[in-house]
Amino acid sequence: MPLVSMRQLLDEAAKGGYGVGAFNVNNMEQIQSIMEAARETKSPVIVQASRGARSYSQDKFLYHLMLAANELYPEIPLVLHQDHGNSVATCKSAIDLGFTSVMMDGSLMEDGKTPSSFEYNVKVTREVVELAHAKGVTVEGEIGVLGGIEDGHGAGGTGLEHVTDPEQAARFVEQTGVDALAIAIGTSHGAYKFSRKPDGAVLKMDRLIEIHNLLPKVHLVMHGSSSVPQDLQDIINKYGGKLKPTWGVPVEEIQLGIRNGVRKVNVDTDNRLAITGAIRKVFAETPEKFDPRDYMKPAREAMQKVVAQRMTQFGQAGHAGDYEAIPLALMAEQYAAQPVA
Ligand code: G3H
Ligand code: 13P
Ligand code: ZN
């Protein structure tokens with residue numbers, strides 16, 4: 001199966017009432033972990049790369065690793081998605097490289113830090129929709145601003161400063177024609193999301209439900225959705241790490257989101273924690289080892305375990321064989337038949 005458009009995966013997820021994890025990658029081992037987890041659980045897959053990941057992998061390494069994944073796991077519907085594109089140019093370069101989906105994150109200015117105006121967000125997102133849809137490529141937009149900072153990207157803060165306004169979300173979807181909509185409901189990127197188990201005061205699931213009720217057909221995206229499990233924190237700290245006490249997004253809350261229109265769930269931090277814990281353990285227990293395979297293999301296995309668990313929890317497990325890929329050219333024809341007003 002060729003790399004597929006994210007729109008097709010999310011439409012299928014909506015039909016089946018499940019969510020699809022979108023996992024960040026930077027290297028071969030992370031891609032291998034995801035593909036093995038997908039085969040183990042028979043899951044369709046979204047692999048995503050941030051700007052930092054693209055630069056770390058010099059673009060071409062990443063793209064060709066994805067082609068290898070596609071060749072070695074032909075039974076898995078596989079999307080390559082640009083995470084948090086900061087400009088039209090970034091999204092265009094991803095499309096030119098062969099990504100089948102892009103996020104235009106116009107909630108922030110091009111610096112990836114300063115919250116933007118609604119008008120700016122509509123303008124740049126619409127521009128990306130026009131050039132992406134002409135090639136059958138999917139577009140995710142964002143309305144509202146997440147908390148935290150990853151790799152220099154993010155406005156900082158707790159995530160409660162710019163929670164998504166439902167009416168504004170509706171206008172944004174109508175004026176841009178995005179395929180998927182990321183919303184801000186109090187989550188942040190990174191390990192430090194909440195200082196206690198989150199309740200409705202800090203994790204606004206009621207707002208998500210309100211948005212879904214207003215826009216029942218829109219595929220919603222939850223960013224900052226790592227659960228930051230205590231056991232992964234404990235392994236890191238047991239073997240010399242220094243993580244401060246922290247809470248992530250409980251899986252039950254993500255599942256509530258999935259019952260209310262969430263189709264894409266972004267997870268990076270949990271995998272970073274799993275990898276780091278596994279490597280620290282090898283270093284601490286067998287300091288005489290120096291072959292990278294001795295610690296990269298357990299790291300890869302630890303990430304595979306987390307990814308497989310999330311695939312099962314989000315409900316995408318068992319759905320890899322449900323459909324054949326719609327070629328991007330056909331997706332482009334379908335978009336052309338329904339232009340944005
Ligand atoms: O957007 C957040 C993801 O965790 C990617 O992080 O920009 O450090 O690669 P990164
Ligand atoms: P986490 O930091 O919670 O894993 O979020 C990842 C994300 O939203 C990537 O876009
Ligand atoms: Zn994100």
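Just so you know, residue 1 is the first one in the sequence shown, and it goes up from there. The structure displayed is predicted, hence computed values, not measured ones. Atoms within a ligand are numbered from 1 in the order they appear, just like the ligands themselves.
In this structure, Lys193 is part of the shell of residues with a heavy atom less than 4.0 angstrom from ligand 2. At a 4.0 Å cut-off, not a single heavy atom of Gly52 sits close enough to ligand 1 to count as contact.
Below 4.0 Å from some heavy atom of His84 lie the following atoms of ligand 2, by number and element: 10 (O). Atoms of ligand 2 lying under 4.0 Å from any heavy atom of Gly224, numbered from 1 in the order shown and given with element: 1 (P), 3 (O), 5 (O), 7 (C), 8 (O). Close contacts of ligand 1 with His84, meaning ligand atoms under 4.0 Å from a residue heavy atom, involve 1 (O). The ligand atoms of ligand 2 that sit less than 4.0 angstrom from a heavy atom of Val267 are 4 (O). Residue contact check: Asn24 has heavy atoms under 4.0 Å from atoms 3 (C), 5 (C) of ligand 1.
The tally of protein N/O/S atoms under 2.8 Å from the Zn ion (ligand 3) stands at 3.
Each ring-ring contact (aromatic ring centres under 6.0 Å, His included) pair with one or both residues in residues 297-325, not counting sequence neighbours, appears once here: Tyr18-His319.
A parallel orientation is assigned to the rings of Tyr335 and His133, their planes being inclined by less than 30° (bins at 30° and 60°).
For Ser50, no heavy-atom contact with ligand 2 is shorter than 4.0 Å. If you look at Arg272 next to ligand 1, the close heavy atoms, those under 4.0 Å, all belong to the side chain. In Leu146, neither the side chain nor the backbone holds a heavy atom less than 4.0 Å from any atom of ligand 2.
Of the listed options Asp83, Val249, Thr269, Asp83 places a heavy atom closest to atom 9 (C) of ligand 2. Taking only non-hydrogen atoms, the option from Asp268, Asp105, Thr187 nearest to atom 6 (C) of ligand 2 is Asp268. Considering only non-hydrogen atoms, atom 5 (C) of ligand 1 lies nearest to Asp268 out of Asn271, Asp268, Asn266, Thr269.
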Go through the steps to decide whether Arg39 and Glu75 satisfy the test salt bridge (Lys or Arg N to Asp or Glu O under 4.0 Å), and finish with yes or no.
-> CA-CA 8 Å; Arg39 177 163 281 168; Glu75 78 280 17; 2.7 Å; yes
Given the rule in the salt bridge (Lys or Arg N to Asp or Glu O under 4.0 Å) test, do Lys123 and Glu127 qualify, once you have shown the distances and angles that lead to the verdict?
-> CA-CA 6 Å; Lys123 179 182 170 292; Glu127 221 176 296; 3.7 Å; yes
Test salt bridge (Lys or Arg N to Asp or Glu O under 4.0 Å) applied to Lys15 and Asp11, step by step = CA-CA 6 Å; Lys15 269 193 244 161; Asp11 284 349; over 6 Å; no
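Residue contacts with ligand 2: Ser188 is placed with no nitrogen or oxygen under 3.5 Å of a nitrogen or oxygen of the ligand (distance criterion only). The shortest N or O to N or O distance between Asp270 and ligand 2 is not under 3.5 Å.
Asp291 meets the salt bridge (Lys or Arg N to Asp or Glu O under 4.0 Å) test with Arg293; sequence neighbours excluded.
A cation-pi arrangement is present between Lys244 and Tyr192 under the rule of less than 6.0 angstrom and at most 45 degrees off the ring axis. Cation-pi check for Arg126 over Phe172 is not met; the charged atom does not lie both under 6.0 angstrom from the ring centroid and within 45 degrees of its normal.
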Please table the atom pairs, donor to acceptor, closer than 3.5 Å between any side-chain atom in residues 61-71 and protein atoms at least two apart or in another chain.
unit_1, atom_1, unit_2, atom_2, d
Asn70, ND2, Met1, O, 3.1

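Atom CD of Glu324 sits in a sparse spot, with 12 or fewer heavy atoms from other residues, nucleotides or ligands closer than 6.0 Å.
For the side chain to side chain contact (heavy atoms under 4.5 Å, CB included) with Leu232, the qualifying choice from Leu273, Ile275, Thr276 is Leu273, the only one to do so.
Of all heavy-atom pairs between Ser226 and Val267, the closest is OG-CG1, 3.6 Å.
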